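See structure below.
The shown structure was predicted, so the numbers you read here are calculated from the model rather than taken from an experiment. Quick note on labels: first sequence line is chain A, next is B, and so on, each numbered from 1.
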Amino acid sequence: MRLSHLMSRTLRQAPSEAETPSHRLLLRAGLVQQLAAGIYSFLPLGWRALRKIEQIIREEMDAAGGQEIRMPALQPVELWEASGRRETYIPPLFIVKDRRERELALGPTHEEVVTELFKQQVQSYRELPVLAYQIQTKFRNEIRARGGLIRLREFIMMDLYSFDADWEALDHTYDRVFQAYVQTFQRCGLPAIAVHADSGPIGGKDSQEFMHLTEVGEDQVLTCERCGYAANTEKADHRKVTLPPEGPLPLEEVATPGVKTIEDLARFLGAPVEKTLKAVFYAASQPGSGGGPEPVFVAIRGDLVVNETKLRNVLGGAELRLMDDREVADVGLVAGSASPIGVKEAAKRPVRVVADDSVLSAPNLIGGANKPDVHVRNVNYERDWRADVVADIALAEPGYPCPQCGEGALSLHRGIEVGHVFKLGTMYSERLGATFLDQRGQQRPAVMGCYGIGLDRLLAAVIEANHDERGIVWPAGVAPYAVHLIALSPDRAGVRDAAERLYAELGERGVEALYDDREESPGVKFADADLLGMPLRVTVSPRTLEKSAVELKRRTESETTLVPLSEAAARVERVVKVVAG
RNA sequence: CGGGGUGUAGCUCAGCCAGGUUAGAGCGCACGGUUCGGGACCGUGAGGUCGGCAGUUCAAAUCUGCCCACCCCGACCA
């Protein structure tokens, strides 16, 4: 491609709305142009890079046994009603109407559609496993688009769906796709780690996200350097400090005038925070069930914080929000001095009680009394109160002991989620009737997995991970072009002729080259070459031609080498192959 | 949706608080000339519904109100 006719321009200054490095470089290098919030056009260079990524993914998914298909972006909403997600899917679907007022959803994901496909196309266990994938535009009515290509409302996703006969077979398929993901990110030049992720209320067995760790990521990840444990903060566990066992002491009310918070309480009574019992009130609404919110009383040891994702899962996917003091009072309880003891009797409405498992082994805690300015000493689980649900609902925080090895301390990082692999199970196959006949002729629902990679976001992450102060430093596998050919002072000393010949010869050899044939000063051309970031720069100038040579320079290095003009194309081809690995 | 911020030329911004001739600068773009290995220089020129609508006023980029768009922070996700 000739730079003189390329349908994009480089920008010396990035538009002010761009803050993250990848966003700034995407705009400065002329890879994309924004049309609206979270909606972008791809310009030639950006599109080529995206297609390189697409091809890597395609090759890896094929190698893992995937079959490429193509499903519609327009989906009848009836299908979403059948799966039960019409109302529960967040963010809400983009809905359009056809001329007969029939509602169609712009597909944000394709579990429903692929399950329909399976239903008709696959009947026997002998055909399993089936791994079907597509690379296609998705539409999500995101609450907020952000970070350039990091969070889009229209984006390209590779989504693969697997169907197995049982959970054990799914485990194997999952591992296979997992490995394909590892390979994919490696080939894209993106450092990425797999972290444990929330699998949501669907209750799948495993779910992992692939994260590129970077300051500008929007996800938070806790890792243990000692054993390698890594988890999204919404999923992360930690080894809870247990308190020394004590015999239960009798309940004892104490006056605590003006004490509202756990910190106040611990200070007032001279007790450590972990000897207190914290009460938190949530209003839980089941999405899609028209009823009002249900009050939930959450009890957790005073030193711990509630992880709302875990709590939501325990409550079957309810939407949660903290109740304010007035709402707490309306239920008949006392904020700041609430007690799990007799809470159900004290409340005016039915209250669900959820306890973190930290309270089980914590004897003689100090809790509320359901009376203002009074607390109770020596609260013991089981003897004094019981919860409807006991589960781990604690938030893991940096510095806490690792749940896996127990020795390392968790540390916090930010990351961009570039991929997600997920053991779905049989929810969709059961609801939509995607069954197969097993060896004994029994109808059974397929055990599904789903796996996604956001291509646009991956492209942004690749730039995030591969740039310097001058511009992009494309990994060879993703670079729009392998070579950036520059003709300096093209009107002098046969430079244009030499450059044209080299450009043509590279084309004949199948070397992808971007050719800067513009009438620009050397400074501009070099600066643009650095900004655009192709792996190999080839310069033809009066100075090199004096020596009957051209100059080669890798984007990752500062040294240049001269190679004879006569061998230039062959040498460039060879270097390109070396760079590509 | 709540909180914060920004809208003036293709990009970066000044002008607005204290309303008053043809609304400015740098970069970019066009033409001519000089340069030519790290974003050169000189000259000429094109390019603007000052986000939109309404209001106040003799007069609005500037003051007031409403609306819109975009960015950032929180809940969702690839």
For [N] versus [M], give the span between their [atom1] atoms, rounded off to a whole number of Å.
N      : M      : atom1 : answer
B:rG28 : B:rG39 : C1'   : 12 Å
B:rU8  : B:rG24 : C1'   : 10 Å
B:rC76 : B:rC1  : C1'   : 13 Å
B:rC71 : B:rC13 : P     : 15 Å

[X] side-chain N/O to [N] phosphate OP1/OP2 under 4.0 Å:
X      : N      : result
A:R140 : B:rC76 : no
A:R28  : B:rU12 : no
A:R144 : B:rC72 : yes

Just to be sure I understand the rule, does [X] reach a base, reach only the sugar-phosphate, or reach nothing, if contact means heavy atoms closer than 4.0 Å?
X      : value
A:E17  : sugar-phosphate
A:T109 : nothing
A:D528 : base
A:L455 : nothing
A:V524 : base
A:A18  : nothing

Taking the six-membered ring for Trp, are A:F178 and A:F210 closer than 6.0 Å centroid to centroid? yes
Determine whether the aromatic ring centres of A:Y133 and A:Y161 lie less than 6.0 Å apart. no
Which of parallel (below 30°), tilted (30 to 60°) and perpendicular (above 60°) describes A:H420 and A:F422?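 Ring orientation of A:H420 relative to A:F422: parallel.
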A:F155 stacking on B:rA78: centroids under 5.5 Å, ring planes under 30°? yes
Just name whichever nucleotide pairs with [N], Watson-Crick or G-U, keeping both distances under 3.5 Å, else none.
N      : value
B:rG65 : B:rC53
B:rA25 : B:rU12
B:rA30 : B:rU44
B:rC77 : none

Does any donor-acceptor pair link the side chain of [X] with the base of [N] at a separation under 3.5 Å?
X      : N      : answer
A:E551 : B:rG37 : yes
A:R537 : B:rG38 : yes
A:R146 : B:rC73 : no
A:D219 : B:rC77 : yes

More than 12 foreign heavy atoms under 6.0 Å from CZ of A:R518: is that the case here? yes
Would one find more than 12 heavy atoms of other residues, nucleotides or ligands at under 6.0 Å from atom CD of A:E557? yes
Upstream residue (5' side of RNA chain B) when A:S541 and A:Q34 are each assigned their closest nucleotide: A:S541
With nearest nucleotide decided by heavy atoms, which residue, A:S521 or A:Y89, maps closer to the 5′ end of RNA chain B?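 Taking each residue's closest nucleotide, the earlier one in sequence belongs to A:S521.
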